[in-house]
Amino acid sequence: MSGARAGAKRGWSPVYRVVRRVPEGRVATYGQVAAIAGMPGAARQVGWALNALDEADDVPWHRVINARGEVSGRGEREIEGLQRARLEAEGVVFDARGRVDLGRFGWRPRTRATRPAMAGRGEG
DNA sequence: GCAATGACGCTCT
DNA sequence: CAGAGCGCCATTG
């Protein structure tokens with residue numbers, strides 16, 4: 001890896017830029033990031049881009065989940081646990097099924113003042 | 001260039 | 001919302 005992957009990341013900079021736009025305590029979906037990044041329909045590639053990421057990268061990839069509000073983590077428990085742990089640390093609440101309510105924590109671009117805690121106090 | 005793969009999304013049931 | 005099927009675009013062999 002090393003150089004080859006690094007080159008790919010360069011082409012996906014718009015994707016990383018969008019992910020960085022995701023505020024704390026909020027989560028965005030792959031399709032959303034893809035669309036905003038200028039590649040509507042390339043949701044899969046967003047995951048591919050995040051896959052090429054590293055801990056050294058300044059990209060909150062953990063804030064990117066699928067449209068179900070479920071973390072994917074490539075099937076690796078470490079990734080899933082890390083992603084969930086990081087989100088919970090930011091205030092994101094997970095469902096008993098390990099899912100996030102996109103209606104509450106879903107990223108709302110173009111809209112502000114949307115306070116997750118205010119959108120509907122978690123009853124859990 | 002073709003075939004296979006993938007951290008997904010949408011539609012129908 | 002959940003399950004199954006098809007489509008999506010880019011990377012890799």
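Not measured: the values here are computed from a predicted model.
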Among the nucleotides B:dC10, C:dC9, B:dA7, which one has an atom lying closest to any side-chain atom of A:Ala42? C:dC9
Using the side-chain heavy atoms of A:Asn66, tell me which of these nucleotides is nearest: B:dA7, C:dC9, B:dG9. B:dG9
Once rounded to the nearest 0.5 Å, what's the spacing between atom CG of A:Leu53 and atom NE2 of A:His62? 11.5 Å
Rounded distance in Å - CZ (A:Arg68) to P (B:dT11): 11 Å
In whole Å, what is the span from the OH atom of A:Tyr30 to the P atom of B:dG9? 8 Å
Nearest to the side chain of A:Thr29, which nucleotide is it out of B:dG9, C:dC9, B:dA7? B:dG9
Smallest heavy-atom separation, A:Ser72 atom then A:Asn66 atom, equals OG-ND2, 3.8 Å
Starting at CD of A:Gln32 and ending at P of B:dC10, how long is that distance when rounded to a whole Å? 10 Å
Round to a whole Å and report the spacing from CH2 of A:Trp48 to C1' of B:dT5. 13 Å
Give a yes or no on whether a salt bridge exists between A:Glu80 and A:Arg84, defined as a side-chain N under 4.0 angstrom from a carboxylate O. no
When we call it a touch if two heavy atoms are under 4.0 Å apart, what does A:Asn51 touch: a base, just sugar-phosphate, or nothing? base
In this structure, how many angstroms lie between the C1' atom of C:dT11 and the CG atom of A:Leu50, rounded? 15 Å
A:Ile79, nearest nucleotide to its side chain (from B:dA7, C:dC9, C:dT11): B:dA7
Measure the distance from CE on A:Met39 to P on B:dG9 and round it to the nearest whole Å. 15 Å
Starting at CG of A:Leu102 and ending at C1' of C:dC1, how long is that distance when rounded to a whole Å? 12 Å
What is the distance from atom OH of A:Tyr30 to atom CD1 of A:Ile65, rounded to the nearest 0.5 Å? 8.0 Å
